[in-house]
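I have placed the structure first, in the form of C-alpha cells, so that the comments after it can refer back to it.
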Amino acid sequence: NVRAFLSLFKSTRAIGRGDQIVRVGRSRKVLTVMLSGVACRYRITDNGRRQIFAFQYPGDFCDYCRYVMPQHDDAVAALTDCLVGVIPHEGFERIIERHPQISLAFWRNTVLEARIFEERVLNGTQRPAVERIATLLCEQILRLEAVGIVSDVVPLMQIDLADAAGLSVVHVNRTIQDLRELGAL
C-alpha cells in the first residue's frame, strides 16, 4: 500500500520560507503533500490579521479539504523552507478504490484534524494565555514526534504562535517568559 501510494507522486517542488503553497481561490485538481518543512493553513481576517487554523508537517496534505470542497478560502504558506509533492486527484481516486484501507486512513486523519480544530476553538475562547501557548507548544511537540522529529526546538516563530492563539506577539513573548519561570520551558 505504501509503495502504491508513493507511486502517485507526479512531481515535487521546493517552496521558500514565507511563500505560498496553496493560494486562496485557486483550486487545482491535485493534492499537495508536505515532504519536509513546516507550513500553516490560515486566513486573513477583515482587519488584516492572519488567523492560523493548522500547522502542517511532513506527511500532511496541504489541500485535502479542497479535494472534498473545491471552493475553500484558506491559504497555505511555508513557515520554513519546504519540499512538497503533488498527486493528481484522479490518481488519488484510483488508489483509494484499489486500497480501501488508504481511504480509511484519510477518514481517520479527517477526524483527527477535526479534534485538533475543536481543541483550538476551546483554546482560543476559554483558556488564559499561559494555557493557550502551553497547549499549542505541546501539540506541536507531539505532531513533530509523530513524524519522527524529536527535538527540544519547535520550529515556529512567536508571531506564528500569536496568530494561532489569537494573541499579540508581545503577549506571547510575556507568556513564554512566564512558562520559562514556571520551569515548563
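Treat the numbers as computed from the prediction; the structure is a model and nothing was measured. Quick note: numbers below take in every heavy atom, side chains included, and nothing from hydrogens, waters or symmetry partners.
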Can you name the side chain to side chain donor-acceptor pair (under 3.5 Å) partners of [X], sequence neighbours left out?
{"X": "Arg50", "result": "Asp160, Asp163"}
{"X": "Glu119", "result": "Arg127"}
{"X": "Glu90", "result": "none"}
{"X": "Asp46", "result": "none"}

(request) Could you tell me which residues satisfy ring pair (Phe, Tyr, Trp, His ring centres under 6.0 Å) with Phe92, sequence neighbours excluded, listed by chain and number? (result) Tyr67, Phe106

(request) Sequence neighbours left out, what passes salt bridge (charged side-chain N to carboxylate O under 4.0 Å, His left out) with Glu118? Give chain and number order. (result) Arg115

(request) Report the residues that fulfil salt bridge (charged side-chain N to carboxylate O under 4.0 Å, His left out) with Glu113, sequence neighbours left out, ordered by chain and then residue number. (result) none

Please list, chain by chain and in numerical order, all residues satisfying side chain to side chain contact (heavy atoms under 4.5 Å, CB included) with [X], sequence neighbours excluded.
{"X": "Val170", "result": "Ser168, Arg174"}
{"X": "Thr110", "result": "Tyr64"}
{"X": "Arg108", "result": "Leu104"}
{"X": "Leu167", "result": "Ala129, Arg132, Ile133, Ala165, His171, Val172"}

(request) Report the hydrophobic cluster partners of Val30, with the cluster defined as I, L, V, M, F, W, Y residues connected by side-chain heavy atoms closer than 4.5 angstrom, directly or transitively. (result) Val86

